[in-house]
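Everything on this sheet refers to the single structure shown next.
Index from 1, following the sequence. Just so it is clear, the values below take in all heavy atoms, side chains as well, and ignore hydrogens, waters and symmetry mates. All figures in this text were calculated on a predicted structure; none of them were measured in a lab.
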Amino acid sequence: MIGLMAWLFDPLVSVMYYPVWMSAIMLFIFVGTLIRPPAIITRLARLMDGELSPAAIRYTERVTLVWAVFFAFNGAIAWWTVQSGNMALWTIYNGIISYVLMGILMALEWSIRRVVKHRH
């Protein structure tokens with residue numbers, strides 16, 4: 001997709017859309033698995049832990065929804081940074097901030113998962 005855009009439009013701007021496309025793809029995967037279960041996080045949890053309790057399945061579905069919201073938010077901001085035309089802003093958000101936010105979300109979810117697993 002990016003190659004086609006680069007061929008049709010400005011190559012630099014086309015490459016700048018990469019984070020937008022990746023967020024959109026991840027959003028569609030995560031939402032798609034919520035519409036047609038099992039949710040992607042449920043699938044991953046089953047690979048690691050085997051069968052899951054109904055409470056664990058509800059939890060993994062909520063986590064999948066949280067990630068879907070994150071990818072929608074991230075994709076929207078990535079798109080906005082492209083539209084701004086400000087390469088420094090695009091670089092700071094898409095090269096640093098988005099990864100920091102993703103890491104924070106992963107760490108937060110991991111911490112919550114430990115508490116939830118301990119309770120159940």
Side-chain angles (χ1 to χ4, degrees):
M1 180 59 83
I2 292 174
L4 177 63
M5 285 181 64
W7 183 66
L8 293 173
F9 306 107
D10 178 5
L12 177 60
V13 173
S14 300
V15 171
M16 290 173 72
Y17 276 100
Y18 180 77
V20 177
W21 286 111
M22 294 312 320
S23 288
I25 289 167
M26 295 302 285
L27 173 63
F28 285 118
I29 289 170
F30 279 62
V31 169
T33 64
L34 287 171
I35 294 169
R36 300 198 75 191
I40 189 142
I41 302 295
T42 306
R43 294 174 195 193
L44 294 171
R46 282 183 177 149
L47 287 174
M48 293 172 33
D49 297 331
E51 245 346 275
L52 301 174
S53 70
I57 292 171
R58 281 190 305 277
Y59 175 78
T60 58
E61 288 170 346
R62 287 186 196 126
V63 171
T64 301
L65 179 60
V66 168
W67 277 104
V69 169
F70 171 81
F71 288 124
F73 173 77
N74 189 62
I77 294 176
W79 178 83
W80 176 76
T81 64
V82 175
Q83 298 305 305
S84 76
N86 183 332
M87 183 58 93
L89 176 66
W90 182 90
T91 303
I92 290 168
Y93 182 77
N94 294 291
I96 300 169
I97 295 172
S98 67
Y99 290 103
V100 169
L101 292 174
M102 199 176 307
I104 290 169
L105 182 55
M106 290 170 92
L108 185 61
E109 190 280 320
W110 180 80
S111 300
I112 293 168
R113 183 177 355 130
R114 290 186 54 185
V115 171
V116 169
K117 275 182 144 180
H118 181 69
R119 286 186 184 165
H120 296 287

Distance, nearest 0.5 Å, that separates [atom1] of [X] from [atom2] of [Y]:
X	Y	atom1	atom2	answer
R36	L34	CZ	CG	13.0 Å
R62	L65	CZ	CG	10.0 Å
F70	S98	CZ	OG	6.5 Å
Y17	S23	OH	OG	13.5 Å
I40	T60	CD1	OG1	11.5 Å

Around atom CE of M102, are there more than 12 heavy atoms of other residues, nucleotides or ligands at under 6.0 Å?
yes
Would you check, one step at a time, whether the test side-chain contact (heavy atoms from CB on, under 4.5 Å) holds for R113 with V63?
CA-CA 10 Å; R113 183 177 355 130; V63 171; over 6 Å; no
Using the ring-ring contact (aromatic ring centres under 6.0 Å, His included) rule, take W21 and Y18 through it: C-alpha gap first, then chi angles, then the decisive distance, then the call.
CA-CA 5 Å; W21 286 111; Y18 180 77; over 10 Å; no
Any side-chain heavy atom of L89 within less than 4.5 Å of one from W80?
yes
Answer yes or no: is there a side-chain heavy-atom contact under 4.5 Å between Y93 and N74?
yes
Could you check W67 against L105 for side-chain contact (heavy atoms from CB on, under 4.5 Å), going step by step and ending with a plain yes or no?
CA-CA 8 Å; W67 277 104; L105 182 55; 3.6 Å; yes
Hey, any chance [X] and [Y] share a hydrophobic cluster, counting ILVMFWY side chains that come within less than 4.5 Å of each other, even indirectly?
X	Y	result
L27	V69	no
V116	I41	yes
M48	V115	no
Y99	F71	no
I104	I96	yes

Could you walk me through whether L52 and Y59 satisfy the side-chain contact (heavy atoms from CB on, under 4.5 Å) test, starting with their C-alpha distance in whole Å, then the side-chain angles of each, then the deciding distance to 0.1 Å, before giving a yes or no?
CA-CA 10 Å; L52 301 174; Y59 175 78; over 6 Å; no
Sidechain-backbone polar pair: W90 side chain, M16 backbone, donor-acceptor under 3.5 Å
yes
Test your reading of the model: is there a side-chain donor-acceptor pair from T81 to the backbone of A78, 3.5 Å cut-off?
yes
Could you walk me through whether R43 and T33 pass side-chain contact (heavy atoms from CB on, under 4.5 Å), step by step?
CA-CA 10 Å; R43 294 174 195 193; T33 64; 4.1 Å; yes
